[in-house]
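In what follows, a single structure is set out as structure tokens and then discussed.
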Number of protein chains: 2
Amino acid sequence: MKGDPVINRHSGVPLYGQIAQDLEGRLGDDYEPGDRLPSVAELAERYEVNRLTVHEALGVLVRRGLVTTVKGKGSFVALPIIRWDVRAGQDASLTQAMGERGHAVENRVLGVVEDDDPELREQLGATRALLRFESVRYVDDEPWSMTSTWFDPDRFPRLDELWVDRSSLHLVLKQEYGVRMRRSTRTFAALAADATEGQILRVPVASPILQARGLNVDEQGRPVAAVEHRFRGDRIQFSVELG
Amino acid sequence: MKGDPVINRHSGVPLYGQIAQDLEGRLGDDYEPGDRLPSVAELAERYEVNRLTVHEALGVLVRRGLVTTVKGKGSFVALPIIRWDVRAGQDASLTQAMGERGHAVENRVLGVVEDDDPELREQLGATRALLRFESVRYVDDEPWSMTSTWFDPDRFPRLDELWVDRSSLHLVLKQEYGVRMRRSTRTFAALAADATEGQILRVPVASPILQARGLNVDEQGRPVAAVEHRFRGDRIQFSVELG
DNA sequence: TAGTGGTCTAGACCACGCT
DNA sequence: GCGTGGTCTAGACCACTAT
């Protein structure tokens, strides 16, 4: 149990920042993962500040993924981050790897649109406009990533009909087209979630997103699909063996 | 020039969210990179809301890296993101690569501490506590990344004296110890900047950080150092060729 | 119905940059 | 000195959850 909160009103440091730091120091100590924090009103009284100031402090912790808030219920210490290694390698299927570990993995295709990106088109050697599939991956009913996948419609005809409502793209490609897909290049970047991504992935706007873009190829090294994954930063990390 | 702002006060969507979206839609259109946005007071009048509500809307855009604010001056449309490919490969030195392109790269060693992490110690095959170097990399006087580097003090005696005040670790290792260091494994994750990282990297708290952890090895594949880079998400992306 | 977090207002003061 | 963004208060209303 830590001592009384000490807030310095004349240090030049914003009160909400001091409160956020004080609360962060108590996480895992006074407050353990899953615990409910004192209510905003309670904290406001304890720190002798306005409710809004407490709300701003909690906002800092929420955006950093340390605290989650539920309207009508309260604020809770976030559960320990479950990081999952998505290892590069011959097996490009997360669905399969997770399934073997007893997790329910589901891919939902949100939609398919024509997307005439000249650069991607050249990468895939397509002569017509590519098809872009938008999908979301859920692990145990929790959204983990959004994915855009670009295909050459001439090489994979009717893929839109075949993939929708089936969990694994890799299975569809293998069973329907005889193609074993593996990862080739990847580019990693850290982004901030926009409003749409926040809504679909159920994270606050501006939460960290691990973006992995690249090319998938078949066993002969021929390009199969261009992909862009946007993983929830609090759920995924990506391990790579470099050459 | 887009039309008048349209804000729906009874849609259930927060006003600051609507304002953020409206402003975002005008970026690159009404307001170009580097332009000053209307003042908070001006926007409050235009949207017929309180100043605080405008401030919250700008906060969303700031945290997403689309807008920067300067106290006393105004709010500005962020400059286009300069993404830099840090490619994996035989040459592990960013300093050298950037220098060849006419950028001034500087590494400042903030400090050296003993750090007895058993796991890292085993990875490096050390028999004593490791030394952890904390450094910051600046490109054209702008902070780009923070780095922690763990060394076996027995293998690299006096490294602390030799590295401090010299720009490139790779040069020091090559010239003083005859070691050519290259990247081996890497793990990528997207984090949110804490208060310290935000201050040093000059980004808002909770900004996206691309974390790259891994092992560097010499030409014989023997471990040389464990590293953890924390790159500003708005400045760096990382490209990898997978096996 | 009571308690919770989320939003919004009106008004105030501050620190900062510029002229 | 004035305009700027940043912070904070007091008070209000709302939507949601649980009882």
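So you know, we letter chains A, B, ... as the sequences are listed, proteins then strands, and number each from 1. These figures come from a predicted structure and were not determined experimentally.
- B:H229 and B:S145 share no donor-acceptor pair across their side chains, judged by distance under 3.5 Å alone.
- Here B:S39 does not reach the OP1 or OP2 of D:dG3: none of its side-chain N or O atoms lies under 4.0 Å away.
- Positionally, the nearest nucleotide of DNA chain C for A:G72 lies more toward the 5' end than for the other of A:T69 and A:G72.
- The side chain of A:R9 contributes an N or O atom lying less than 4.0 Å from OP1 or OP2 of D:dT9.
- When the nucleotides C:dT9, D:dG6, C:dG5 are ranked by their closest atom to the side chain of A:S75, C:dG5 comes out on top.
- In this entry the distance linking CG of B:L15 with P of C:dA10 reads 12 Å, nearest Å.
- What separates CG of B:L23 from C1' of D:dG5 is a distance of 15 Å, to the nearest Å.
- The pair B:R202-B:E142 fails the salt-bridge criterion, with no side-chain N (NZ, NE, NH1 or NH2) lying under 4.0 Å from an Asp/Glu carboxylate O.
- The side chain of B:H55 lies closest to D:dG6 when the candidates are D:dG5, D:dA18, D:dG6.
- Across the protein-nucleic acid pair, B:N50 atom CG and D:dA10 atom P stand 16 Å apart, rounded to whole Å.
- Closest to the side chain of A:K71, out of C:dC16, D:dC16, D:dA10, is D:dC16.
- Atom-to-atom, CD of B:E48 to P of C:dT7 comes out at 21 Å; the value is rounded to the nearest Å.
- DNA chain D is contacted by both A:E56 and B:L37; B:L37 maps to the nucleotide lying nearer its 5′ end (nearest heavy atom per residue).
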Ring pair (Phe, Tyr, Trp, His ring centres under 6.0 Å) between B:W163 and B:F133, worked out: CA-CA 10 Å; B:W163 188 13; B:F133 290 69; 5.1 Å; yes
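- If you measure from atom CD of B:E45 to atom C1' of C:dA10, you get 15 Å, rounded to the nearest angstrom.
- Rounded to an integer number of Å, the gap from A:F76 CZ to D:dC16 P is 17 Å.
- Listed pair A:K73 / D:dC16 fails the phosphate criterion, with no side-chain N or O lying under 4.0 Å from OP1 or OP2.
- Within the 4.0 angstrom heavy-atom criterion, base atoms lie near B:L52.
- For the OP1/OP2 pair of D:dC8 and a distance below 4.0 Å, the side-chain nitrogens and oxygens of A:Y16 include no atom meeting the criterion.
- Taking 4.0 Å as the cut-off between side-chain N and carboxylate O, A:E228 and A:R230 count as a salt-bridged pair.
- Between the C1' atom of D:dT4 and the CZ atom of B:R36 lies a distance of 7 Å, rounded to the nearest Å.
- Heavy-atom nearest nucleotides on DNA chain D were determined for A:T53 and for B:A41, and the one closer to the 5' end corresponds to B:A41.
- Distance A:I7 CD1 to D:dC8 C1': 13 Å, rounded to the nearest Å.
- Sorted by first then second residue, the ring pair (Phe, Tyr, Trp, His ring centres under 6.0 Å) pairs that include residues 188-207 of chain A, not counting sequence neighbours, are A:F188-A:F238, A:F188-B:F188.
- Side-chain atoms of A:R51 and base atoms of D:dG11 include no donor and acceptor less than 3.5 Å apart.
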